[in-house]
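The structure appears below as structure tokens.
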Amino acid sequence: MILAELLALKRSDDAGLAAQLTQQLRALMAGGRIRSGAMLPSSRSLAAELDVARNTVTHAYEQLAAEGYLRVAARRRPVVTDDIEARFAKPALAPKREAARKPSLSPWALQLSDSDWPLSYQADFRPLRPGLADAREFPHEIWARCLRRSALRRRFNDQTVVNRPSLREALCDYLEVNRGVRAEADQILILPTAQAALTLIAATAIVAGDAVWTEDPGYPGAAAAFRAAGADVVGVRLDQWGMMRMCETRAPKLIFTTPSHQHPTGRVMPVARRTELLASAEPGKTWIVEDDYDGEFPAARCRRCRGSIARGACSISAPSPRR
């Protein structure tokens with residue numbers, strides 16, 4: 001067998017001659033055209049037959065040797081390793097019963113798979129759809145400058161990648177001045193997404209069987225996180241002021257609400273309704289999770305009604321992005 005006749009190198013190929021040669025030799029050995037123990041031509045001889053530089057062949061041989069296909073030694077021709085056939089032998093088909101077996105999942109994963117989120121029937125993004133905002137309102141230039149400035153100032157030996165104390169202190173000051181939130185810096189936890197925060201809340205605050213109230217309609221990702229933790233999720237209907245109070249039932253373990261801008265209707269909960277919601281909670285037992293998901297998004301103005309889109313005042317415009 002003349003090895004050069006089995007090879008077809010293309011000088012116009014962007015992969016390069018050495019990469020082509022390596023790939024083709026590997027394929028020949030994997031396909032059984034070159035058997036175990038076969039002795040390949042020397043690098044000088046194969047380079048002359050292929051009309052390529054000797055370094056091209058040497059590089060291919062060395063790469064294949066590093067991958068375990070060849071045995072190379074000084075002043076000797078390369079030899080194909082003895083286990084090539086065994087390495088590429090087709091595995092025996094497993095019994096049908098074994099092939100059909102599925103990996104077992106945890107109770108949390110089973111609960112999550114039973115939820116209807118993410119919604120499989122959601123259509124593609126379209127204008128005026130809840131959760132789809134006008135990206136032109138985001139301060140992209142300012143954000144890019146801040147990212148660049150932060151990257152230049154970052155100390156690469158700093159191991160505190162997330163939840164940096166200085167960042168939490170800055171957020172604490174900002175929330176107190178602009179949002180009226182009284183908190184300590186060590187009470188602020190920075191997470192990658194809101195869904196990650198909801199999953200953490202569910203894991204730490206909910207025991208299987210606990211009652212949880214969510215808005216109906218509301219954000220399905222929250223209900224999915226609570227159901228996965230084993231909660232008995234109850235959807236509370238909305239009126240013109242948002243989530244209604246359920247006076248006839250016992251206080252739940254957790255209430256999830258979006259009062260500043262209800263998702264997906266955009267309704268704003270007034271102070272009186274917020275007070276009623278607080279009265280529904282049992283002190284020392286009930287957690288109230290307020291998801292102010294678009295609080296920092298710029299208040300865009302609708303061109304038709306001049307209302308604030310970010311605060312839900314416009315009945316014809318889409319609310320700001322959920323996540």
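Just so we're clear, the structure is a prediction, and the values are computed from it rather than from any experiment. All values below come from the heavy atoms of this structure, side chains included, with hydrogens, waters and symmetry mates left out.
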Distance from Trp213 atom CH2 to Arg245 atom CZ, nearest 0.5 Å? 8.5 Å
Are the side chains of Thr257 and Asp291 in touch, meaning some heavy atoms are under 4.5 Å apart? no
Whether the side chain of Ser150 engages the backbone of Leu147 through a donor-acceptor N/O pair (distance < 3.5 Å, no angle test) should be reported. no
Is there side-chain contact between Ile255 and Val236, with at least one heavy-atom pair below 4.5 Å? no
Check the surroundings of atom CD in Gln187: do more than 12 heavy atoms from other residues, nucleotides or ligands lie under 6.0 Å from it? yes
Looking at side-chain heavy atoms only, is the closest gap between Gln262 and Val268 below 4.5 Å? no
Over all atoms of both residues, closest heavy-atom pair of Ala251 and Lys285: O-NZ, 3.2 Å
Any heavy-atom pair between the side chains of Ile188 and Leu167 that's under 4.5 Å? no
Counting only N and O atoms by type, is there a donor-acceptor contact under 3.5 Å from the side chain of Asn178 to the main-chain atoms of Tyr174? yes
Surrounding CZ of Arg44 (heavy atoms of other residues, nucleotides or ligands, distance under 6.0 Å), is the total greater than 12? no
Between Ala185 and Cys172, which heavy-atom pair has the shortest distance, and what is it? N-SG, 3.9 Å
Do the side chain of Lys253 and the main chain of Trp287 share a donor and acceptor less than 3.5 angstrom apart? no
Quick one: closest heavy-atom pair of Tyr219 and Gln195, and the distance? OH-OE1, 2.9 Å
Do Leu3 and Leu17 sit in the same hydrophobic cluster, where Ile, Leu, Val, Met, Phe, Trp and Tyr count as joined when their side-chain heavy atoms come under 4.5 Å apart? yes
For Ala197 and Leu191, which heavy atoms make the closest approach, and how far apart are they? CA-CD1, 3.3 Å
Do Val289 and Met269 share a hydrophobic cluster, counting only Ile, Leu, Val, Met, Phe, Trp and Tyr and linking them when any side-chain heavy atoms are less than 4.5 Å apart? no
Ion pair check, Arg273 and Asp239, cut-off under 4.0 Å: yes
Where the side chain of Thr286 meets the backbone of Pro252, is there a donor-acceptor pair that is under 3.5 Å apart? yes
Worked verdict on Val181 versus Glu176 for side chain to side chain contact (heavy atoms under 4.5 Å, CB included): CA-CA 5 Å; Val181 176; Glu176 182 177 2; over 6 Å; no
When Leu25, Thr81, Leu40 are each screened for side chain to side chain contact (heavy atoms under 4.5 Å, CB included) with Leu70, the one that passes is Leu40
May I have all residue pairs that pass salt bridge (Lys or Arg N to Asp or Glu O under 4.0 Å) and include part of residues 66-81, sequence neighbours excluded? Arg26-Glu67, Arg71-Asp82
Pairs involving residues 51-61, ordered by first then second residue, that meet salt bridge (Lys or Arg N to Asp or Glu O under 4.0 Å) (sequence neighbours left out): Arg11-Asp51
From CA spacing to verdict: side chain to side chain contact (heavy atoms under 4.5 Å, CB included), Glu49, Leu46: CA-CA 5 Å; Glu49 294 177 9; Leu46 184 58; 4.2 Å; yes
Taking Gln24 for its side chain and Ala8 for its backbone only, find out whether a donor-acceptor pair lies under 3.5 Å. yes
Do you know the tightest heavy-atom contact between His261 and Gly266? CD2-CA, 3.0 Å
Do Pro259 and Glu290 come within less than 4.5 Å of each other through their side chains, counting heavy atoms only? yes
Hydrophobic clusters join Ile, Leu, Val, Met, Phe, Trp and Tyr when side-chain heavy atoms are under 4.5 Å apart, directly or via other members; which others share one with Met39? Val79
Identify the heavy atoms of Tyr61 and Pro41 that sit nearest to each other, and give their distance. OH-O, 2.8 Å
May I ask you to test the Phe226-Thr214 pair for a side-chain heavy-atom distance under 4.5 Å? yes
Can you see whether Thr258 engages Glu215 through a side-chain donor-acceptor pair at a distance of less than 3.5 angstrom? yes
CG-CD distance between Leu28 and Gln23, expressed to the nearest 0.5 angstrom: 10.5 Å
